[in-house]
Amino acid sequence: MRKLSLGICFILILSLLVGCGNTTTQNEDVGGDNVGIISSMELKYTSSFDVKFLEDGNKLITDGIGREILLVQRDAEIPEEYKDFPVIHIPVEKVVVTSETQGSMLEPSKAVGTIIGYTENINDWYLEELKENIETGKVEFLGGGESPDYEKIKELSPDVVLVDAGLQQIGDKLDALGIPYIIDSSDWEADPMARMEWIKLFACFYNMEDEVIAYFDRGVEKLKDIEERVKGLEQPKVSWGFLFTGKAFVPYAGSYVSKHIELAGGDYVFKDIGPDKTHTATITMEEFYTAGQVADVYISSGPPAYHTSTQDIVDRSIPIMADMKPIKEDAVWCYQPWYYQLVHETPEAIEELQAILYPELYPDYNDFRFYWKVPLAE
Amino acid sequence: MNYQEVLKKRHRKYIIIYLILSILLITLFISSISLGTISVSFKEVIDILLGKSRDNVIANSVVKDIRLPRGLGAMLSGAALSLAGLLMQIFFQNPIVDPFVLGISSGATLMVGLVTLTGITLGIANTSPYILVIAALIGSIGVMFIITGIASKVKNIITLLVIGLMLGYLCSAIINILVAFAEKESIRNFVVWTMGSFSGFTWDRVVVLAIVSIPIIVSSLLISKPLNALLLGEDYAKSMGVKIKGFRLTIIFLSSVLTGIVTAFSGPVAFIGLAVPHLARLCFGTDDNRVLIPGAILLGATLTVFCDLLARLALSPVELPISAVTSFVGAPIIIYLLMQRRESIS
């Protein structure tokens with residue numbers, strides 16, 4: 001019996017080693033040794049990706065999980081030193097997106113028209129060009145992100161699939177099918193401008209770096225101006241999160257949402273929860289109520305469909321939530337349905353939040369594109 | 001009719017059922033590699049498989065790199081889970097146990113939960129599929145060693161069954177705590193994994209699954225006689241020369257390895273391991289393991305390939321979770337057959 005056990009264990013381990021032997025593209029240096037690098041892209045907020053410019057207009061990029069990928073101009077040869085790298089031919093003509101934020105991040109490169117497929121079933125696409133292309137059948141729905149329709153993807157033969165970091169498990173199958181992809185971890189950034197800075201990486205696929213860098217720099221300047229407007233003023237307190245089935249899901253203090261509030265001049269009431277974490281914390285209703293009741297404004301992080309009135313929020317939580325200051329004082333907002341499709345307009349989103357927090361500074365601001373005012377319960 | 005004639009008739013019936021199941025399995029497997037989002041004619045599929053058609057690159061890749069590994073993966077997984085379920089039901093002499101009863105799947109789920117639910121929090125951004133597979137395998141093997149260790153000390157089978165259930169509960173408790181503290185972005189990935197899918201099967205995975213499961217499936221045919229003896233109780237089996245202690249460990253080990261390897265590659269696949277042995281008993285009308293083992297293997301492979309085909313095509317391009325389909329398809333069949341039979345399943 002012991003011999004049988006050892007034998008099967010040996011086969012198991014050996015098989016796994018064989019099975020794992022083909023993962024050459026995961027975080028491995030497959031050669032190249034950075035030969036022929038002319039310069040690097042200057043990144044002001046993020047360190048999650050990297051772009052190095054090579055000779056002949058080629059580029060060496062590092063994606064959200066550290067995979068190095070070579071971007072080769074269509075008329076150029078693959079440099080000998082980089083022949084073992086995954087290759088994407090640029091300018092990209094066909095792209096598949098796996099999250100709605102990616103659609104918006106292609107907008108500054110004027111490349112929304114290159115999208116040929118998407119995996120998230122989104123009812124409300126905000127980007128007009130994409131909306132039209134979906135209606136006319138030029139863009140196809142490719143199934144759920146976790147198990148997309150690989151056959152359809154193969155048939156579409158995209159130049160690149162932009163894989164959201166949360167779906168990186170599909171990379172294994174894309175590798176097996178020889179479909180180029182990059183992992184986009186922009187949602188894991190700790191600063192909204194770092195998240196927006198990913199537009200620079202996507203610009204590399206279209207040789208649009210100069211235009212997009214200029215676009216980004218204009219956003220940086222605008223943000224400085226937005227920050228200046230509220231310097232020295234008393235900061236309104238902001239509660240943020242979604243209430244569901246007796247739990248509250250609030251962004252960590254280290255998340256880009258927390259930074260978004262800070263840049264708009266707000267004081268985030270959950271700033272003590274996870275200052276070193278970038279995602280969402282689950283807290284109890286008691287904690288949410290205690291911290292949230294002193295807030296001047298509450299942003300419920302969901303679309304209007306969940307917010308026909310503030311009563312919806314009370315119904316999804318506990319009755320005492322009706323006594324929360326922002327609910328009583330009619331200061332509850334939620335996301336517009338296309339909120340995540342406007343990442344390329346992050347400074348504008350911050351400005352709009354500032355208009356909500358400091359209405360006296362924005363008496364004529366009525367066109368709310370990012371946030372939606374939740375009607376007060378009757 | 002004398003006894004010999006009855007036996008002959010019975011053998012003929014078994015052969016006919018094997019033949020029907022084999023034809024059904026081949027038909028479903030061919031359907032599984034012929035049908036899909038991309039239209040590829042049956043003739044072209046055959047040409048691709050025979051290496052005669054190389055012009056249509058897309059069709060070649062779809063058939064060879066997507067449908068074929070997936071179909072083979074589903075077939076082997078179904079056979080492995082059914083066999084593991086049958087072995088567990090014989091071992092515990094209990095018709096409502098399945099391959100997951102000893103906590104094997106819970107161990108795999110726990111390890112995958114540890115990786116996916118704490119990965120982001122711990123700053124481990126890269127949760128590649130291989131990390132998940134290795135985590136699931138470590139979880140399964142870990143629980144398997146605990147169970148075999150306990151099995152060598154505990155004589156009573158029911159005690160072992162309860163210990164297995166408790167191990168499962170312990171793993172589930174830890175998973176629930178992890179979920180409570182996890183960030184919502186990771187919970188979605190974890191929940192999707194627990195619903196099971198054959199969509200990620202690549203050739204690498206099929207090779208590993210085949211290397212591990214085929215020798216066990218074949219060798220299980222050799223232990224059908226001592227398994228029959230075990231059906232009549234341990235004392236009877238002992239009197240027939242079965243070394244009970246070693247045999248118990250063998251059964252636990254084989255079913256744990258089969259369950260562990262399938263869970264590692266596809267996530268927990270519900271129903272097959274529990275229901276296919278019943279289906280096999282109902283189809284063949286016998287408890288003889290010499291008949292049931294190949295029957296359950298064939299039936300498990302057939303049902304799983306059918307369910308995977310349904311999961312892929314029913315609401316294409318959205319794929320249904322395999323566990324939902326296996327339960328949805330299989331449960332009514334079992335209920336119907338049991339109602340028809342009007343006999344106890346024990």
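So that the names make sense, note that chain A is the first sequence line, chain B the second, and so on, each numbered from 1.
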For A/S186, give me all partners under side chain to side chain donor-acceptor pair (under 3.5 Å), at least two apart in sequence or on another chain. A/D184
Contact part of B/F201 toward chain A, heavy-atom cut-off under 4.5 Å: side chain, backbone, both or neither? backbone
Could you tell me which of A/K152, A/E151, A/K154 has the largest number of non-hydrogen atom pairs under 4.5 Å with chain B? A/E151
Where does A/S185 contact chain B at under 4.5 Å (heavy atoms): side chain, backbone, both or neither? neither
So for B/S316, is it side chain, backbone, both, or neither that comes closer than 4.5 Å to the heavy atoms of chain A? side chain
Is a donor on one side and an acceptor on the other found under 3.5 Å between the side chain of B/S266 and the backbone of B/G196? no
Note: B/R70-B/E319 ion pair, threshold 4.0 Å (strictly below): yes
Side chain to side chain contact (heavy atoms under 4.5 Å, CB included) for B/F198 and B/V269? Distances and angles first, verdict last. CA-CA 10 Å; B/F198 295 115; B/V269 179; 4.1 Å; yes
